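Below you'll find the structure, written out as structure tokens, and then a few comments.
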Amino acid sequence: LSVGSGVLFGTAPTWQAARLDLNEILKESGRAVQGGRHGLRRALVVVEFALALMLLTGGGVALWSFTAMARAELGFRTDHLLTFTLPVPRDRMVESNTIRAFYDRMLTDVHALPGVRSAAVSTGLPLQGFFRMPFSIPGQPVVEEKARPFARVNLVTSEYLGLMGMRITRGRGLTAADREGGQLVAVVNETFAKRMLGGTAPWSGQPELREVVPGANQPGEPQVWQIVGVVADSRSNGVKNEIAREIHLPFDQSPFPRVRMTVRSEGDPSALQKSIAA
């Protein structure tokens, strides 16, 4: 718009000046200019001012929106974090016990490095995506699986929520005691609790999800998970998007081979890259 208006408003006077007879202008310098030319100039000024005002307004709105997004409360911490994926081939680890042992050892080794405050494994990270799975709540009207609501599901180790600074508002978080063979438990966000459970106690909710099967191309059999805690909402789906329903499940109870690792550092997180890679 700036370039176009500059060309338009610069070309019109140039074209007009090229048609003038300078001798006649000098002779008629004391005479009034024709009203039509005054009208054209006034119209150009009005259009140019309108475009400038539109650009200024649009720029102000864009700047205000950017500032609001930059200051938005995300619901999770972003400082002193190093995140990365582990490119494990899909056919390398398909047994649950192998996956658990591998990542237990990985977390133990990373924890032992100087400068590492805590570390966690998860299948998803805020702003980078989670599993999206349909679910149902026992006791609520039964609907076909295709018509069921969806939730963003994250399989996480016990330190994940604390490491990310995600605050537990009711109940408890996930712990190292939530392991294979124990009761299947889940932590949901406030949006899930409000939309799906209404005014009832979160502990009464038992979302039913299909099992995440390592190495399989499709989910396994339905499993019921007992809600043990509620975590504060976070804008893990993006600052501009509506807060989605989220379910955090213990990684040990539902292991998966391809994950992301998050490390919270004492100082500059980039300084840990070489030692962690080694």
Side-chain angles (χ1 to χ4, degrees), residues 62-88 102-132 151-176 178 186-193 228-252 256 258-278:
L63 182 60
W64 178 85
S65 300
F66 176 79
T67 302
M69 289 175 61
R71 294 179 177 178
E73 179 60 41
L74 297 177
F76 57 89
R77 293 179 60 181
T78 59
D79 61 291
H80 293 84
L81 290 183
L82 178 66
T83 66
F84 52 91
T85 57
L86 297 175
V88 178
F102 178 80
Y103 288 115
D104 281 345
R105 177 185 172 188
M106 180 75 71
L107 288 172
T108 299
D109 290 346
V110 171
H111 266 292
L113 295 174
V116 173
R117 182 180 303 176
S118 58
V121 158
S122 61
T123 53
L125 282 176
L127 308 180
Q128 295 187 21
F130 296 158
F131 289 138
R132 189 169 179 269
R152 289 159 56 86
V153 178
N154 199 11
L155 314 178
V156 304
T157 53
S158 58
E159 291 194 36
Y160 174 82
L161 296 176
L163 181 153
M164 295 298 296
M166 301 175 73
R167 182 172 53 87
I168 298 294
T169 58
R170 285 177 282 176
R172 66 171 178 87
L174 303 177
T175 70
D178 299 320
V187 170
V188 300
N189 67 343
E190 288 282 1
T191 292
F192 184 100
V228 296
V230 179
V231 67
D233 283 336
S234 63
R235 295 193 172 274
S236 58
N237 197 28
V239 177
K240 296 191 297 181
N241 298 323
E242 183 182 3
I243 296 176
R245 295 179 289 260
E246 293 183 1
I247 304 175
H248 301 280
L249 305 178
F251 183 81
D252 195 81
F256 197 74
R258 307 189 72 175
V259 301
R260 295 175 170 92
M261 181 172 281
T262 305
V263 176
R264 178 167 293 284
S265 65
E266 298 286 354
D268 181 9
S270 61
L272 296 173
Q273 291 186 21
K274 291 184 178 180
S275 59
I276 291 178

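Along the sequence shown, residues are numbered consecutively beginning with 1. On a predicted model such as this, the values are computed, not experimentally measured, just so you know.
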Q: Check whether any side-chain heavy atom of R245 lies under 4.5 Å from a side-chain heavy atom of V188, and answer yes or no.
A: no
Q. To the nearest 0.5 Å, what is the distance between CZ (R260) and CG (L86)?
A. 10.5 Å
Q.
Please find the pair of heavy atoms, one from L249 and one from A186, that lie closest to each other, and give the distance.
A. CD2-CB, 3.5 Å
Q) Can you tell me how far OG1 of T123 sits from CD of Q128, rounded to the nearest 0.5 angstrom? A) 12.0 Å
Q) Would you find a donor on one side and an acceptor on the other, under 3.5 Å apart, between the side chain of N189 and the backbone of D233? A) no
Q) Got a second to check how far D178's CG is from D252's CG, nearest 0.5 Å? A) 9.0 Å
(Q) Test your reading of the model: is there a side-chain donor-acceptor pair from R258 to the backbone of V88, 3.5 Å cut-off? (A) yes
Validation: residues 104-113 side-chain donor-acceptor distances under 3.5 Å, sequence neighbours left out:
residue, atom, partner, partner atom, Å
T108, OG1, D104, O, 2.8
H111, NE2, E159, OE2, 3.2

Q.
Do L82 and Q273 make a side-chain contact, defined as non-hydrogen atoms from C-beta onward lying under 4.5 Å apart?
A. yes
Q. Hey, is the main chain of M164 close enough, under 3.5 Å, to the side chain of R77 for a donor-acceptor pair?
A. no
(Q) Given 3.5 Å as the limit, does a donor-acceptor pair link the side chain of R264 with the main chain of D79, or not? (A) yes
(Q) Run the ring-ring contact (aromatic ring centres under 6.0 Å, His included) test against F131 and tell me which residues pass, sequence neighbours left out. (A) F256
Q) With a cut-off of 6.0 Å (strictly less than), are more than 12 heavy atoms of other residues, nucleotides or ligands near CZ of R132? A) no
Q) Should F84 and V263 be marked as a side chain to side chain contact (heavy atoms under 4.5 Å, CB included) after you check the CA-CA gap, both sets of side-chain angles, and the distance that decides it? A) CA-CA 9 Å; F84 52 91; V263 176; 4.1 Å; yes
Q | Backbone N/O of V121 and side chain of T157: donor-acceptor pair under 3.5 Å | A | yes
Q.
Could you check whether any side-chain N or O of S265 sits under 3.5 Å from a backbone N or O of G115, counting only pairs where one atom can act as donor and the other as acceptor?
A. no
Q: Without swapping roles, check the side chain of N154 against the backbone of V156 for a donor-acceptor pair under 3.5 Å.
A: no
Q. What residues form a salt bridge (charged side-chain N to carboxylate O under 4.0 Å, His left out) with R152, not counting sequence neighbours?
A. E246
Q: Write down the atom of F130, the atom of L125, and the distance for their closest heavy-atom approach.
A: CE2-N, 3.3 Å
Q: Over all heavy atoms of both residues, which pair between A120 and L163 is shortest? Give the atoms and the distance, please.
A: N-CD1, 3.8 Å
Q) What distance separates S236 OG from I243 CD1, expressed to the nearest 0.5 Å? A) 8.5 Å
(Q) Rounded to the nearest 0.5 Å, what separates atom CD1 in I247 from atom CG in L155? (A) 10.5 Å
Q) Of all heavy-atom pairs between H80 and G267, which one has the smallest distance, and what is that distance? A) CD2-O, 3.0 Å
Q.
What's the separation between atom CG in L174 and atom NE2 in H248, rounded to the nearest 0.5 Å?
A. 8.5 Å
